[in-house]
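Down below is the structure, laid out as structure tokens.
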Amino acid sequence: KIEKPKSIKCGTFGATSLQQRYLATGDFGGNLNIWNLEAPEIPVYSVKGHKEIINSIDGVGGLGIGEGAPEIVTGSRDGTVKVWDPRQKETPVANMEPVQGESKRDCWTVAFGNAYNQEERVVCAGYDNGDIKLFDLKTMSLRWETNIKNGVCSVEFDRKDVNMNKLVATSLEGKFHVFDMRTQHPTKGFASVSEKAQKSTIWQVRPLPQNRDIFMTSGGAGSLHLWKYEYPAQRSKKDSEGAEMGVAGSVSLLQNVTLSTQPISSLDWSPDKKGLCVCGAFDQTVRVLIVTKLNKV
Amino acid sequence: MDDESVPYLLGQGTTKTYQIPISHLDYKFIEKCRDVKHLEKILRVLRSGEEGCYPELTLCCEKRIEHLDPMSKALRKDKPAATASDFTAEEWEAINGELMSWLTEMNEGDKKPQFPRTDTLCERQDNLPPIRCSSSCLPANQNKKLQNKETNKKNIPRDYSEWDKFDVEKECYKIDEGCEENNSKARFNRPSLPVIEKKIDTTGMTKKDKIFIATREKEKGNEAFATGDYVEAVTYYARSISVIPTAAAYNNKAQAEIKLKDWDSALQDCEKVLDMEPGNIKEIVPVRGEAGTKKAVMGNAQRKFHSKGGGSKAEDRETQKQKESTESRLKKGTSEKKPQKKLSDHEGEVNGYLHSEQKSESPEAEKISESHGAGSQSADSGSSLPPIAAKLKSEGNELFKSGQFGEAVLKYSEAIEYVISLGEQSPADLSILYSNRAACYLKEGSCSDCIQDCNRALELQPFSLKPLLRRAMANESMERYRQAYVDYKTILQIDSSIQAANDSVNRITKTLIDQDGPSWREKLPPIPVVPVAAQLHRWDGGNFTSENRPRSTDINREEQLQMNREEAEEKFKTLKNEGNDFVKKGKYEEAVKKYSECMKLNTKECAIYTNRALCYLKLYKYEEAKQDCDHVLQIEDSNIKAFYRRALAYKGLQNYQASIDDFNRVLLIDPDVLEARKELEEVTQLLNLDSSAVAGSQQKQRKKITIQEVTESDEREERQFSTSEDIAADHVTSKEAVQGSVPPKTLEKLRFSEPDNAYDFGQIINAVNANKDKAACADLLTMIDPKQLPVLLSNKLEGEIFLIFIQSLEYYVVGKDPGLVYQHLFYLSKAERFKVVLALLSKNEKEHVQQLFDLLAEKRNHQYSSGDLKSLRKVYEL
């Protein structure tokens, strides 16, 4: 057990190899640290990345997830989203910030996706005003943005390392949106379906690593919901101008469970054992659950 | 609870949250209420306990909602996590056991020393892509300005004081009500097509890592497969294989390749599976089961291809074929020499595939293929092949029959070489040899060789049927649909009765339309015109080899004159009867040919001309029909049939005045001919329309209608006059006779199996709709689960489909099973586009719906109440 001066907000193993298992953390002071857990006294990598708290962190390129360089993305209250490469000290490899003079929005969540080969990679960021922005790291441009009207608590691709397939975004007021990311229409963007899970904030969404069409949401009322996305018969169609347009599928609730009276703020699945998951709640409890019969859905 | 007896409740009036009258919180009201939204509100009130706690009533309300809308969100309940007590002992043991075994596995893995550490890290570093260009900085709010204009209060995060006043229910409701706006802005550079590396760099990975990655890549493949993205699936399976080759991954890859119709790769993969697990008999991959020998696999895959390429996507047929071939494989296992069952019962050397395919389609076709086989055999036996070559050939035939196509090819090749070396000019024999070898190639799956041989055969013997057929099949297998189409068309010119060719033309037409759009015909290579001689020749050879009838091409007039008169007359009669038979069967082209032959024998017989005129009318060749009638009228100026048919021909030629004249003459001769009277009225109308100068487009439409009417009235006429020469024949009897013999082409029953996805369903519906086959539609509707209807229909519901549903339910189903009809109507109303379709119904069509509902009301049973029906009527806007 090691104590650090600043509270840690978020962490990920996503950008290290399976053997190394270095933990990347973002803390309340805006620092990004990478720790070797076998020698945790001094971080392997440390940078003061943001002026304010790092709300969210995500990694890709490690653990065999995704092709290409190991990279870490951080989203902070200061409104910026920065991408880091552990091999490069001090400066981020990409920095997405609001233009000068604009009000800065609190970035609540970030996620990598589309990392199916060495070049392609996108970062999706969700903001407190309901903005969702999709940055293409290959072309270094803003590829798509939308607004879901309520603060975006969590965004997650169904798989980071395939050609963008689905994106789930959860919101403050209990609704979540599933975007079909395969077909992007020039004006309409991506097709989406939304569902209201509960009457409280959905803090986090995690797709099942063994089946991308199943995902779990954790809610403010201390409940977990297990969902399944069903694809439509045809995932894309031509609109009147002949442009490809995505068709959204449907979402069905498989199971729900209430674990606590306090919000469940974080959630993750085991990559090894199908159905094993862990969640942490505001009642200071970490719960380990097993979801059975996932083979049958 | 009665309002009047409890007056103080009236003061309260409504509930606090939703302003529902208190009286609605009542068993009776809930039992009757059909408004799900309203019930949900009631349930919320009841659950909140603000009007008191009524557990029984809550339960009742829940049940009611579940009955009305099983998917209602209000029914979602918070449940605690399941614990051991929620499971049976066995289930719990299974769950526990699984976890424990996983734990021990993990622990063991952790204990194993992981030595290559630092060095591998260095290696890995080398393979990594360079660090991203560091100067990159993205303005995240590129179009912030635009957005600010649209921002309303909701987009600004609430401050804490606001949160205190936040009413979750209301906000949720607002979200529900609020329409979905899509604020997304277009700002993207469409990335080029995804390039996914087919191999994964595994340097420096431990075995465990490899297993982990291989499994994950396979899972990705599975997911892509499930989505229908087979290309991606194949890629991911290949990636998985590149890390650790497993039988399962190969297996799945083969399956995806089958879906992609990449037969060669699929076969390779199957072989690898068999190499890895020779005893693998699980039926995961269909092809694998068939893999007895490589050749058999080729043949099977090829056959499968045809069955697929031919649009017969029905899964059951596929599985049936699998079964068959597994059967044959098992037989092979027991005794190697035993020929494949399917081929052994096949006598002709027409290839087995053709045979089997037709077998599954219609027994009629089978007959034809057999007769062809017989025909060709007799042709073979009559050939003057040198004995050695003949022996080689028959050996080849034997080998072919026993399924050893490779060896058969060798025999045929020897025979061909021998014949060529002899230098004798026997193109017919050589052509047959080439054609046979082509059949072997086709079976083996080497389509290009097959096409080459067919070409050679056709050079030697142009317009021979079998090489054409084989070339067409080979072309189709290679997805060269245009060439295949041309070949099939040529075949049909030679012999229009070949069912396989007809079917193929139909399905290729569909494929080509899909591929090239409406102007697909323009892209076709020219279809060669088959000379009449070839037509007749084939035709005789095909169908009438047994008959001792002189061939028209061989006969010239002098010979005929030398024949004695009686014989000629006899011939004339047989030809005429054959012609009449063809007319009865609806094969007008053949009939025309027969009649034409008759005319060569006897030019004075009027009946032949009138009959041929009838055929021409059926074939829409009005000019020819008119000429024939003219000819008759020159000989016999009061021939009523000739007048009637000429009138119809004039009508077809849009010469309405002449048509009217002729009809009048018919009526002059015999005023009782009702058909003529009717026609006369129609044509007079047409004439009036025509003269009042209608718009060009309308004229076109008109024209269409007239043609339809001609054919209709023709049938009527045909029934009356029949094809016998005797006009005075008993009308009723001849009518019946012909009715019996006219093949009801359109009534051919559609056969299909239960569709399990929207695509199959759509296909069937299209077929049903094209034929307006209500009986088939009724069968379909009884087959499927009404609940599935919205899913199966997806967004394809259209007015026509709607109408045929309603009609088939009305005519066929409602009598038998009104409950099912109710279910169907109920779920039909849940389908996408239902409202649109409903809004577009014409008055007439609405009446049908109304009738159906009336019938339903009459036959009411326990499956639905009159209340149910009433509310459904409302949904249908009646």
Side-chain angles (χ1 to χ4, degrees), chain A residues 17-19 64 67-69 81 85 87-88 91 93-99 102 116-118 120 128-130 133 135 139-147 149 151 159 162-163 173-175 184 186-189 196 199 210-213 223 231 233 253 256-259 272-273 289-290 292, chain B residues 73 76 78-82 95 99 102 106 114 117 120-121 124 128-129 131-134 136-142 144 147 154-157 168-169 171-172 175-176 180 182-191 194-197 209 212-213 216 219-220 223 226-227 232 757-759 794:
Chain A
S17 71
L18 277 171
Q19 294 96 348
E67 302 271 324
V81 174
D85 191 315
R87 294 168 296 173
Q88 177 175 296
T91 48
V93 289
N95 182 7
M96 282 125 332
E97 59 187 348
V99 283
E102 293 292 342
Y116 60 88
N117 66 16
Q118 302 255 327
E120 293 284 352
D128 63 343
N129 62 345
K133 290 173 196 286
F135 306 101
T139 57
M140 281 294 172
S141 59
L142 179 65
R143 183 159 161 192
W144 169 72
E145 62 180 331
T146 188
N147 187 294
K149 289 182 188 162
R159 267 185 192 281
V162 295
N163 185 8
E173 269 99 343
K175 216 175 182 192
Q184 187 174 7
T187 54
K188 289 181 184 141
K196 194 173 54 136
K199 288 166 197 160
Q210 289 85 2
N211 184 349
R212 64 181 181 190
D213 300 328
S223 57
Y231 295 97
L253 181 69
N256 63 333
V257 67
T258 307
L259 297 171
D272 300 310
K273 172 74 183 160
L289 294 103
I290 178 105
T292 52
Chain B
K73 281 174 199 166
R76 284 178 193 163
D78 295 340
K79 278 175 245 168
I95 294 167
L99 260 181
W102 174 71
M106 282 286 143
Q114 298 173 346
R117 263 206 138 161
T120 54
L121 277 179
R124 287 274 296 163
L128 287 176
I131 298 169
R132 220 172 275 280
C133 162
S134 58
S136 50
C137 184
L138 273 178
N141 304 31
Q142 277 165 329
K144 200 78 204 185
Q147 249 177 349
K154 256 193 184 166
N155 284 3
I156 303 160
V168 182
E169 297 271 343
E171 288 296 320
C172 286
I175 295 172
D176 275 351
E180 277 301 302
N182 211 340
N183 294 345
S184 60
K185 311 256 154 18
R187 184 174 299 279
F188 74 98
N189 324 331
R190 184 77 221 146
V195 185
I196 305 170
E197 296 281 328
D209 295 348
F212 179 70
I213 288 170
R216 204 183 44 220
E219 275 162 4
K220 284 195 221 169
E223 286 164 2
T227 337
E232 197 182 288
N757 56 41
Y759 178 78
S794 81

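When reading the values below, keep in mind they use all heavy atoms of this one structure, side chains included, and skip hydrogens, waters and symmetry mates. Naming convention: chains lettered A, B, ... in sequence-line order (proteins, then strands); numbering from 1 in each chain.
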Partner set under side-chain contact (heavy atoms from CB on, under 4.5 Å) for Gln210(A), not counting sequence neighbours: Leu208(A), Lys274(A), Glu219(B)

- line: Closest non-hydrogen contact found for Asn211(A) with Glu223(B) is CA-OE2, 3.1 Å

statement: Turns out that what part of Arg159(A) lies under 4.5 Å from chain B's heavy atoms comes down to side chain

field: Ile290(A) side, atom CD1; Ile95(B) side, atom CD1 - distance, nearest 0.5 Å
entry: 7.5 Å

